[in-house]
Undergrad: 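The structure's right below; bear with me while I get my questions together.
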Amino acid sequence: MDAATIAVIVSVLVLAFQARSLAEHARIANEVAGAETNREVLSMWASAQRVFIEYPELRAHYLDESPTPPSALERVRLLAVSEMCADVLQVAVESADRLAPFRRYAEPWRDYATQAIESSSTLRSVIRDLPTAWPGMMPFVAAYDASQRATSLAADHADAPGRS
């Protein structure tokens, strides 16, 4: 073998090693990017939830667990926190759809969005009132609405005369 052939072989081996190393660095960078995105979404969620620390009485209203209607001031606060929560959930779902490194967080955030929307009529109302602001949340609201219609139809059918 002549020196030129050996130089080409060594160059190809070095290039292969560099490509492998670059791929590993890219994989690690993607994992870090996904974790950073999730950390940012969690930080946004914590900011929205701080309202319930400052005004704990709002939580029962937000989660439809209060037997009394909210006051006018509480209603304003509930709308604001609902918009903040819709923003966070929209970012989480949108990030899952658009950012490959975030996809491993997609299912937990989708599950959480489902639960949040099921638990709060105020959140659903805010999203329904301005669907273009939270397009990623509309399918969750539509799924909730469909499940409620199905439950209502089943209840109506069970209550129909001649049924036991």
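Just the heavy atoms: all of them, side chains too, but no hydrogens, waters or symmetry mates, feed the values below.
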Undergrad: What's the shortest heavy-atom distance between Ser82 and Val126, and which atoms?
TA: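 Looking at all heavy atoms of both residues, the shortest contact is CB-CG2, 3.7 Å.
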
Undergrad: Of all heavy-atom pairs between Thr68 and His61, which one has the smallest distance, and what is that distance?
TA: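 Heavy-atom minimum between the residues: O-CE1, 2.9 Å.
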
Undergrad: Determine the interplanar angle of the Tyr62 and Phe52 rings, folded into 0 to 90°, and report it as parallel if under 30°, tilted if 30 to 60°, perpendicular if over 60°.
TA: tilted

Undergrad: Provide the closest heavy-atom pair for Ile127 versus Ala86 in the form atom of the first, atom of the second, distance.
TA: CG1-CB, 4.0 Å

Undergrad: Just to verify, which of Gln49, Glu40, Met44, Glu83 counts as forming a side chain to side chain contact (heavy atoms under 4.5 Å, CB included) with Val88?
TA: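 Of Gln49, Glu40, Met44, Glu83, side chain to side chain contact (heavy atoms under 4.5 Å, CB included) with Val88 is met by Met44 alone.
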
Undergrad: Please tell me if the side chains of Tyr105 and Ser95 come closer than 4.5 Å, counting only heavy atoms from C-beta onward.
TA: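 Counting from C-beta outward, Tyr105 and Ser95 never come under 4.5 Å.
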
Undergrad: Applying salt bridge (charged side-chain N to carboxylate O under 4.0 Å, His left out), which residue pairs with at least one partner in residues 135-154 are found, sequence neighbours left out?
TA: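 For residues 135-154: Arg128-Asp145.
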
Undergrad: Do NZ/NE/NH1/NH2 and the carboxylate oxygens of Glu36 and Arg39 come within less than 4.0 Å?
TA: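 Yes, charged N to carboxylate O under 4.0 Å.
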
Undergrad: We want to know whether Arg124 and Ser121 form a side-chain donor-acceptor pair, criterion being a heavy-atom distance below 3.5 angstrom.
TA: no

Undergrad: Looking only at side-chain N and O atoms, does Ser119 offer a donor or acceptor that is under 3.5 Å from a partner on Gln115?
TA: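 Distance-only check passes for Gln115 and Ser119.
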
Undergrad: Could you tell me if the side chain of Asp87 sits less than 4.5 Å from the side chain of Leu89, heavy atoms only?
TA: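 Leu89 vs Asp87: side chains apart.
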
Undergrad: Please report the shortest heavy-atom distance between Phe140 and Arg110, naming the atom on each side.
TA: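 Looking at all heavy atoms of both residues, the shortest contact is CE2-O, 3.4 Å.
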
